[in-house]
Amino acid sequence: MNPDSARAEIVIDLAAIRHNLRLLASRAAASGAATMAVVKADGYGHGALPVAKAAVEAGATWLGACSLAEALALREAGVTARLFSWLDLPDVDFAPGIEAGVDVSASSARELGRIAEAAQRAGATARVHLKIDTGLSRNGCPAYAWPALVKAAAAEPGVEVVAVWSHLACADEPGHPSIDAQAKRFQAAYEIAREAGLNPLRHLANSAATLTRPDLHFDVVRPGIAMYGLNPVQQQEDLRPAMTFRSSVVLTKRIDAGESVSYGHTWTAERPTNLALVPAGYADGVPRTLSGRMDVWLGGQRRPIAGRVCMDQLVVDCGDDEPAVGDEVILFGAGRQGEPTAREWADTIGTIDYEIVTGMYRPRVRRRYVGEA
Ligand SMILES: *Cc1c(COP(=O)(O)O)cnc(C)c1O
């Protein structure tokens, strides 16, 4: 390690992203659907632009972003694929997005009105996806306001209705009755749009539905988490986690039996032991709640974190083995060697792996890419 090297780094395997996207896109293609790779929240912490490029190389024809800001950043970086932005603020100016050919979403007449006004100013047609709330009760137009929204959209000259879309609440629990109930409401909303003279595409499926519900693929699927190699369902799939979080040993020492480690002295050596200091802490994305509850991969095996995770560092108990300064430490990875995974972290602290990887964007943690095409 040279003085400029990172204390800790995230390594993103773009070959894994491409592999996962190809798997998802082939499932979609089998039912005639295109694939929208979801790269919101900086690509779930993996870096939106490199992921977007890898996804397009592997067959994605659409990219999904949370906001116009996210979508425009990709457009400005040279991404030419279809871009879709779905959750913009009430005061956003849609005009730059419309000019850049970004598809936008409307969940209300107010939002549609603002899009139409921006389209007029931009002198261009806005490509709009109308969102129906089929039961998630989050964004999306409630069923009682849907016929009016559809009618207004159909009558708006500056608006091209590209799609009708919705989002599932429990797709990661295959067989959950809400899935079919939402699909039914989705179909009803689509029929109302058709009756209003529209001929929109349809999209509903996230990763879980892409993997388990081919009947709900419709025209486009919107996988996110599975493209990053994290499987949202129990069913076995050949997905490869793309993110590895690694650091290295910066100091070693031997302590006597009875000596305690880190703040609060929550861990005490039962016998003389060798410790390895790792310069990664909760400021770098290691949850403090993993203190004393997680291993790292060091020197070809798992070894426990001793005592509390600090802001900048943590300590690993190596027993009688002798770690060396500079030895690689894997905090989490794909799990192939036996190292902890983002899923194991999530299960241990009571969250989901989405939150673990998405929370890994830290200014102090370097992001490095491998597996470029
Ligand atoms: C995040 C998101 C997705 C992707 O969900 P995954 O579970 O990560 O596949 C799809 N659609 C919408 C609207 C989303 O917000």
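Atoms within a ligand are numbered from 1 in the order they appear, just like the ligands themselves. For the single chain, residues carry numbers from 1 onward in sequence order. Side-chain atoms are counted along with the backbone in the values below, which use heavy atoms only and exclude waters and symmetry mates.
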Report task. Measure the shortest side-chain to side-chain distance between I132 and F186 over non-hydrogen atoms and say whether it is less than 4.5 angstrom. Result -> yes
Query raised in the report: P90 versus R110: any side-chain heavy-atom pair under 4.5 Å?
Result: yes
Identify each donor-acceptor pair in which a side-chain atom of residues 139-154 lies under 3.5 Å from a protein atom, sequence neighbours left out, and give them as a table.
from : atom 1 : to   : atom 2 : distance (Å)
N139 : OD1    : K131 : NZ     : 2.8
N139 : ND2    : W86  : O      : 3.4
W146 : NE1    : A189 : O      : 2.9

Report summary line: From the list F84, W62, F218, ring-ring contact (aromatic ring centres under 6.0 Å, His included) with W165 holds only for F84
Requested in this report: Using heavy atoms and a cut-off under 4.0 Å, could you grab the residues that are in contact with ligand 1, chain by chain, numbers ascending?
Outcome: V38, K40, Y44, W86, W165, H167, N206, S207, R222, P223, G224, I225, Y354
Requested in this report: Report yes or no: do V296 and L277 belong to one cluster of Ile/Leu/Val/Met/Phe/Trp/Tyr joined by side chain heavy-atom distances under 4.5 Å?
Outcome: no
Requested in this report: Could you walk me through whether R222 and H167 pass side chain to side chain donor-acceptor pair (under 3.5 Å), step by step?
Outcome: CA-CA 10 Å; R222 305 188 309 268; H167 194 43; 3.1 Å; yes
